[in-house]
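For reference, the structure discussed in these notes is given below.
For the numbers below, each heavy atom of this structure counts, side chains included, while hydrogens, waters and symmetry mates do not. The residues of the chain are indexed from 1 along the displayed sequence.
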Amino acid sequence: MATIQRDSLSGAGRKVNGAPVLTGDDKEDDGRDQACRKCLMTRLRSVFFFGKRGGWSPAHRMETGIDKAGMEEKGTGKRLMEEGSEPNGMPLTGTEVKTKRETWSGKFEFFLSCLGYCVGFGNIWRFPYLVYRNGGGAFLIPYILFLVLCGIPLVFMEMAMGQFSSLTSIHLFSKFSPLFKGLGYSMVIISFFVCIYYNTIMSWVIYYLYSSFTTKLPWSWCDPAWASPKCFSPFQDPIGDFSSIDNMTQALVQTENNLIFSKDNRTRVPAAEEYWNRHVLQISEGIDQTGSLRPELLICLAVAWISVFFCSFKGIKSSGKVVYLTATTPFIMLIVLLIRGATLPGAIDGLKLFIYPDFTRLSDFQVWTDSAMQIFYAMAPGWGGLLSFASYNDFHVNVYKYGIAIPVLNFFTSLLGGFAVFAIIGYLAHQSGVPVHQVVAQGPGLTFVAYPEALSQLPGAPVWAVLFFLTLFTIGIDSQFGMFDTFLSALTDEFRVVRKHRSLFCGGACLLLFLLGMGCVTNAGMFWVQIIDYYCAFMTLMIICITECVLVGYIYGAERFRRDIALMIGHPISYFWCISWKYLTLGTISLILFFNFYFQKAIVYEDYVFPSWSIVIGWTLAVSSTLPIPLYACVKLYRSEGSLWHRITSSIRCTADFGPSSIMDRKMYLKDVRLVPPVMGPEYPCDEEEAMTKLDQTADHFLTLNQSVASTAVLVLPYEFP
């Protein structure tokens, strides 16, 4: 194992492969140097192998791994770090510029932020319904398969990219592959679009949460202020010749997305559905009938954006503290709801329907498509949030274990939510006297109709309603400020002038998104939410992930990336990951994208078919989030010089300043990159002496700024490859 050792000031006392080259002065100071060297080796070993032992607090450390206090002792060093210049006034370039960048206060903040970001509304209202519709327990077979082939490799890859470079999406791809800088912009645009409608759902949750603080839930009875003559409540006397069982059957029997009984033909409608459609949404007949703003929902939307602002205006310093509450509360409340639901009569029937496997459904290709698409919605690869969160990590955090743990925990959270939901659904079916499969809904129908209807029949209904909607709020707010931070951090990293006014920029972005979201709280708001949700990430996520796999696997090199990860965590990872990124994950996503287009269905909401012009708007949203990738590539090629082939090869490879942000970590990277360079990378010196000189010059910047910390720097690769 090669060892490079250099004296801090004179440059003497170098050791190459263990062979000392000492001057007279070095021999005289050998005893003192040995003591300093031993002290520094202890510190470097703890950093390179296991991170900071006895605690991990990167917020109090500089990116070089040296205490901030040690830097601040030297006024010149502090000035150089902030201004990015050498003592002689010459500017530093590339990764040599040490700009201050916020980091997580601890590993647990990073873990909770990523987990809260991945766990969203889809875990509560989409995953349980997909399991039921696609064969119960049999659906878990393709889901787990795609989790292993796509979910975990993509999550791990994005986390590793963000942590290794300490850059968010736009800035990262401008160095990792300048030709595909548009990938970063696509991630930002997707997060921007989703933020618009996601907080609209949050406004519905806030409204229901507020309405639950009462002694009598408002959707448990038919209020003449909003109820139609068809409204039915089991707590009120039945109207006409229909029993409560018949009423509940006609109201709740559903197929995949459409009601068996047309809304216009039903004789009785449950109070919970009337409350949702006629009071909360006051929904119009179609998307072309906008109507007016809903004042109550507008206020709730403002509350949602104010909450996002206070979670995000100080960056991870504020959001990192909020996640201790918002990321842990949903698990506690879901467990409480599951325990309560499991004790109710009929719960076992709901749980059986949820997990009972129907293996004949595996022959239906739609089952495989649904499971694959759910991976992209649940694990959040391609959105840019995981990459952004990981960029705030210390360089030597074990991102390997988090890249595996978070997708697995997300999967078990979906199962937990499914059990909690279907236990209550089983109770509702028992109370109404109909089969369980006739009261199952998906999406808003499950969250704002079926589940509230079941909660209203529980003893102490308001308490359980508050718990349920508070759970939804904490689940939603985590995902929302995760997407918002992706959008915000990427722009502040790309445009450094914005970083100085982050709070002002955050407030302006919240205001802009609030104004854009006002269209979703009109009488036609539900239809716009469906359009944005269906089309904004329909194909862009898969295109982004495919491009990432190509860049990592073939342009940068999967083996080179594998060694980068080993440089961070201190030990090699399995070669399975290289195979996955190059072949398994890439091939699987490509097939998903192809068959998703082939089996695409027209968007519908219950029994409403969207007009053609609204579908055109939806496709415009889909294309607009994908367009930056080819558009920026064309602009980059146009501005480059040389032949077309030269322009492509010079623009697609990583830049010379790509790599770790700190000087010490970058020196380790430059040392290792000579052994296994990127497949298509910048030109590195081939001459041994020239390479040593370059490494020493790089270290000079670190040593000049840190003379008070160490007199000798010893760099040893923290891993060995066979």
Side-chain angles (χ1 to χ4, degrees), residues 111-112 114-152 154-155 198 201 205 326-339 341-342 350-357 361 367-383 385-386 402-426 440-447 450-451 468 471-480 482 533 537 541:
F111 169 73
L112 290 179
C114 291
L115 185 61
Y117 173 70
C118 293
V119 176
F121 291 131
N123 296 77
I124 303 300
W125 73 25
R126 180 175 169 83
F127 179 84
Y129 177 77
L130 290 178
V131 173
Y132 150 73
R133 188 181 73 175
N134 293 304
F139 175 79
L140 300 181
I141 295 176
Y143 187 83
I144 293 175
L145 179 63
F146 286 124
L147 176 66
V148 174
L149 293 179
C150 295
I152 295 178
L154 289 172
V155 169
Y198 209 85
I201 301 175
V205 172
T326 58
T328 55
T329 302
F331 293 94
I332 298 174
M333 293 186 176
L334 282 176
I335 293 174
V336 172
L337 289 171
L338 174 59
I339 295 174
L351 295 177
K352 285 181 179 179
L353 184 68
F354 178 62
I355 63 175
Y356 183 79
R361 296 284 292 129
V367 175
W368 295 82
T369 302
D370 286 344
S371 60
M373 288 302 299
Q374 179 61 15
I375 290 293
F376 285 91
Y377 284 100
M379 305 301 166
W383 296 81
L386 296 172
Y402 293 116
I404 297 176
I406 290 174
V408 172
L409 286 175
N410 182 284
F411 168 63
F412 283 107
T413 304
S414 298
L415 289 179
L416 177 63
F419 284 127
V421 167
F422 271 79
I424 298 294
I425 293 297
V440 178
Q442 72 162 326
L446 175 63
T447 307
Y451 210 91
F468 176 68
T471 301
L472 288 182
F473 177 80
T474 53
I475 286 176
I477 196 66
D478 273 344
S479 299
Q480 175 65 7
D533 178 45
L541 289 178

The test is side-chain contact (heavy atoms from CB on, under 4.5 Å); show your working for Tyr132 and Val421 and say whether it passes.
CA-CA 11 Å; Tyr132 150 73; Val421 167; over 6 Å; no
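- Between Leu337 and Tyr451, the closest side-chain pair of non-hydrogen atoms falls below 4.5 Å.
- We find the OH-CD1 distance between Tyr143 and Ile375 to be 4.0 Å, quoted to the nearest 0.5 Å.
- Inter-residue side-chain proximity for Phe422 and Ile355 is flagged as unmet; no heavy-atom pair is nearer than 4.5 Å.
- When atom types are taken as modelled, the side chain of Asn410 and the backbone of Met379 share no donor-acceptor pair closer than 3.5 angstrom.
- The distance from the OG1 atom of Thr413 to the CZ atom of Phe411 is 10.5 Å, given to the nearest 0.5 Å.
- In terms of modelled atom types and a separation under 3.5 Å, the side chain of Ser479 and the main chain of Gly476 share no donor-acceptor contact.
- The shortest non-hydrogen separation linking Leu386 to Ala380 is CD1-O, 4.0 Å.
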Checking side-chain contact (heavy atoms from CB on, under 4.5 Å) for the pair Thr329/Thr471: CA distance, chi angles, key distance, verdict?
CA-CA 7 Å; Thr329 302; Thr471 301; 5.9 Å; no
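- Counting only heavy atoms from C-beta outward, the side chains of Val119 and Asp478 never approach each other to under 4.5 Å.
- Under the 4.5 Å side-chain criterion, counting only non-hydrogen atoms from C-beta, Phe121 is in contact with Ile201.
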Show the numbers, then the answer: is there a side-chain contact (heavy atoms from CB on, under 4.5 Å) between Leu130 and Met373?
CA-CA 11 Å; Leu130 290 178; Met373 288 302 299; over 6 Å; no
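- Counting heavy atoms from C-beta on, the side chains of Asn134 and Ser371 never come closer than 4.5 Å.
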Could you go step by step and tell me if Phe139 and Arg361 meet the side-chain contact (heavy atoms from CB on, under 4.5 Å) rule?
CA-CA 8 Å; Phe139 175 79; Arg361 296 284 292 129; over 6 Å; no
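- Residues Leu415 and Phe127 have side chains in contact (heavy-atom distance under 4.5 Å, counting atoms from C-beta outward).
- The backbone N or O of Gly120 lies less than 3.5 Å from a partner atom in the side chain of Asn123, making a donor-acceptor pair.
- In this pair, Phe146 and Trp368 present their aromatic rings perpendicular. The plane angle is above 60°, beyond the 30 to 60° band.
- The distance from the CZ atom of Arg133 to the CG atom of Asp370 is 4.5 Å, given to the nearest 0.5 Å.
- Side-chain contact between Leu334 and Phe419: absent, with no pair of heavy atoms (C-beta onward) separated by less than 4.5 Å.
- Checking side-chain atoms of Trp383 against main-chain N and O of Phe376 turns up a donor-acceptor pair under 3.5 Å.
- For the atom pair Leu147 CG and Leu154 CG, the distance stands at 10.5 Å (nearest 0.5 Å).
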